[in-house]
Amino acid sequence: MKEYSPIKEGKVREIYDNGDSLIMVATDRISAFDVILKNKVTKKGTVLTQMSKFWFDYTSDILGNHMISTDVADMPEYFRQPQFDGNSMLCKKLEMLPIECIVRGYITGSGWASYKENGMVCGIQLPEGLQECDKLPEPIYTPSTKAEIGDHDENISYERSIEVLEKEYPGRGKELADALKENTIKLYKACADYALAHGIIIADTKFEFGLDENGNVVLADEMLTPDSSRFWPVEGYEPGHGQPSFDKQFVRDWLKANPDSDYNLPQEVIDKTIEKYLEAYKLLTGKDL
């Protein structure tokens with residue numbers, strides 16, 4: 001059996017080269033504040049992969065994506081081991097675009113901090129009088145540049161995203177920036193409406209896109225997982241304060257409250273985190289994982 005080593009390791013994912021395709025494996029690692037924590041969260045990688053699969057299937061008529069299969073029977077023999085079953089995705093190879101496409105439908109987190117300061121989020125003027133976690137009149141697109149592990153992504157304006165893309169793809173900067181913005185908002189609206197009807201508010205999320213061999217924009221990476229989004233329960237939602245969530249916010253809050261933890265979580269926080277992820281998966285898909 002041929003052994004494989006990752007060609008790239010992210011904070012929580014490993015990418016393996018499979019000739020004309022890639023295999024993306026979501027591990028059970030968890031990161032917060034750009035640091036990989038010392039604990040693993042059992043089954044987390046499977047939730048991320050299967051949730052991405054659900055959304056890729058759901059939105060395939062809006063925009064094509066990089067997913068080929070999540071069945072290890074379609075992958076080389078090496079990946080038919082228990083540690084890869086359920087958390088691996090066979091994907092098309094793409095040329096990834098250097099922009100993280102963030103969309104915010106509600107005002108929270110760093111957006112709320114910025115709004116309190118100057119009424120703006122990433123340079124976008126918002127209406128006066130918003131409360132924390134209010135729904136925005138329209139979703140806003142706030143792209144950022146991708147950072148290396150350990151560095152922070154940098155928020156940029158839409159205009160700056162044109163410049164970044166133009167530098168890499170001369171003559172296509174505006175066309176690509178427009179495609180990213182339009183698809184980000186279109187995908188978010190379709191999925192946020194679906195989620196809302198199934199008990200979950202998607203407050204914000206980030207998408208990544210690449211170009212296929214014909215230069216077309218394709219959705220890639222992960223999609224609408226608790227790692228890349230803020231999920232809140234519809235039940236009990238009320239603006240004016242922070243919301244309970246189905247995502248890593250639980251971990252972030254614990255770390256903030258325990259600054260001397262050295263990024264080591266107690267078991268109860270790990271259990272609570274995976275419980276939240278599984279609950280979100282069931283609400284969205286109607287199935288237990």
Side-chain angles (χ1 to χ4, degrees), residues 4 6-26 48-49 51-70 74-75 88-104 122 139-149 151 153-191 204-225 227-229:
Y4 283 76
I7 52 165
K8 187 172 182 228
E9 286 198 59
K11 290 195 277 275
V12 296
R13 272 171 310 177
E14 293 166 355
I15 298 177
Y16 296 81
D17 193 344
N18 187 42
D20 57 358
S21 58
L22 293 173
I23 293 164
M24 283 178 59
V25 177
L48 299 189
T49 299
M51 202 175 270
S52 287
K53 178 189 186 302
F54 170 79
W55 289 118
F56 283 144
D57 286 336
Y58 184 72
T59 57
S60 57
D61 58 335
I62 297 176
L63 186 71
N65 58 66
H66 72 165
M67 178 174 71
I68 299 169
S69 175
T70 55
D74 298 329
M75 302 177 203
S88 304
M89 185 180 285
L90 183 66
C91 305
K92 294 173 197 147
K93 275 189 173 171
L94 301 172
E95 190 177 327
M96 294 302 289
L97 294 168
I99 302 287
E100 297 226 312
C101 298
I102 297 161
V103 54
R104 303 166 193 259
C122 301
I140 58 171
Y141 174 63
T142 59
S144 74
T145 53
K146 292 183 192 176
E148 293 301 311
I149 290 185
D151 290 338
D153 297 341
E154 183 199 344
N155 290 330
I156 57 173
S157 65
Y158 163 70
E159 289 70 27
R160 176 83 185 108
S161 77
I162 297 176
E163 290 168 21
V164 170
L165 290 161
E166 182 62 35
K167 193 172 163 196
E168 291 216 14
Y169 303 95
R172 292 194 72 189
K174 177 140 181 19
E175 170 217 336
L176 290 172
D178 285 350
L180 296 188
K181 181 178 181 178
E182 280 165 27
N183 282 304
T184 294
I185 289 177
K186 199 187 284 184
L187 289 162
Y188 171 76
K189 281 183 165 176
C191 298
D204 51 36
T205 193
K206 78 169 164 76
F207 299 120
E208 294 198 35
F209 299 89
L211 299 178
D212 67 11
E213 67 279 13
N214 302 315
N216 299 317
V217 172
V218 175
L219 182 58
D221 202 57
E222 64 182 323
M223 183 177 187
L224 287 161
T225 69
D227 266 22
S228 64
S229 324

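Position 1 is the first residue of the sequence, and the numbers go up from there.
- Of the possible donor and acceptor atoms, one in the side chain of Ser157 sits under 3.5 Å from a partner among the backbone N and O of Arg160.
- For the atom pair Lys189 NZ and Ile62 CD1, the distance stands at 11.5 Å (nearest 0.5 Å).
- Minimum interatomic distance between Thr49 and Met89 (heavy atoms only, all atoms of both residues): O-CE, 3.8 Å.
- Not counting sequence neighbours, the partners of Ser229 by the side-chain hydrogen bond (donor to acceptor under 3.5 Å, both in side chains) test are Thr205.
- Applying the salt bridge (charged side-chain N to carboxylate O under 4.0 Å, His left out) rule to pairs touching residues 176-188 yields Lys174-Asp178, sequence neighbours excluded.
- Using a 4.5 Å heavy-atom cutoff, the side chains of Leu165 and Ile99 are in contact.
- Annotation: side-chain hydrogen bond (donor to acceptor under 3.5 Å, both in side chains) contacts of Ser69 (sequence neighbours excluded): Asp74.
- For the salt bridge (Lys or Arg N to Asp or Glu O under 4.0 Å) test, no residue two or more places apart in sequence or in another chain qualifies with Glu95.
- Put simply, CG on Leu219 and NE2 on His66 are 7.0 Å apart, with the number rounded to the nearest 0.5 Å.
- Between Glu166 and Glu163 there is no side-chain heavy-atom pair separated by less than 4.5 Å.
- Under the salt bridge (charged side-chain N to carboxylate O under 4.0 Å, His left out) criterion, the residue pairs touching residues 51-67 are Lys53-Asp57, with sequence neighbours excluded.
- The CD atom of Glu222 sits 5.5 Å away from atom NZ of Lys206, with the distance rounded to the nearest 0.5 Å.
- With sequence neighbours excluded, the residues that form a side-chain hydrogen bond (donor to acceptor under 3.5 Å, both in side chains) with Asp221 are Arg13.
- To the nearest 0.5 Å, atom OG1 of residue Thr225 and atom CG of residue Leu48 are 5.0 Å apart.
- With Tyr188 as reference, Val103 is the one residue of Val103, Asn183, Ile102 to meet the side-chain contact (heavy atoms from CB on, under 4.5 Å) rule.
- In this structure a side-chain-to-backbone donor-acceptor pair under 3.5 Å is present from Ser52 to Met223.
- Closest of all the heavy-atom pairs between Ala220 and Gly210 is CB-N, 4.5 Å.
- Not counting sequence neighbours, the partners of Asp212 by the side-chain contact (heavy atoms from CB on, under 4.5 Å) test are Leu94, Asn214, Asn216, Val218.
- Across every non-hydrogen atom of Met96 and Phe209, the tightest pair is CE-O, 3.7 Å.
- Put simply, the side chain of Lys93 never gets that close to the backbone of Asp17: no donor and acceptor are under 3.5 Å apart.
- For Ser60, the side-chain contact (heavy atoms from CB on, under 4.5 Å) partners two or more places apart in sequence, or in a different chain, are Asn65.
- If you take CZ on Phe207 and CG on Leu63, they are separated by 10.0 Å, rounding to the nearest 0.5 Å.
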**Chi angles and distances behind the side chain to side chain contact (heavy atoms under 4.5 Å, CB included) call for Asn18, Tyr4** = CA-CA 9 Å; Asn18 187 42; Tyr4 283 76; 3.7 Å; yes
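- When all heavy atoms of Lys92 and Ile68 are compared, the closest pair comes out as N-CD1, 3.7 Å.
- With sequence neighbours excluded, no residue forms a ring pair (Phe, Tyr, Trp, His ring centres under 6.0 Å) with Tyr141.
- Remark: Ile15 engages Ile7, Lys8, Leu22, Met24 in a side-chain contact (heavy atoms from CB on, under 4.5 Å) (not counting sequence neighbours).
- The minimum heavy-atom distance linking Tyr58 with Cys191 is given by the pair CD2-SG, 4.3 Å.
- By the side-chain contact (heavy atoms from CB on, under 4.5 Å) test, Asp204 is found to be paired with Arg104, Thr108, Arg230, residues two or more places apart in sequence or in another chain being considered.
- For the ring pair (Phe, Tyr, Trp, His ring centres under 6.0 Å) test, no residue two or more places apart in sequence or in another chain qualifies with Tyr158.
- For the atom pair CG of Leu211 and CD of Glu168, the computed distance is 10.0 Å after rounding to the nearest 0.5 Å.
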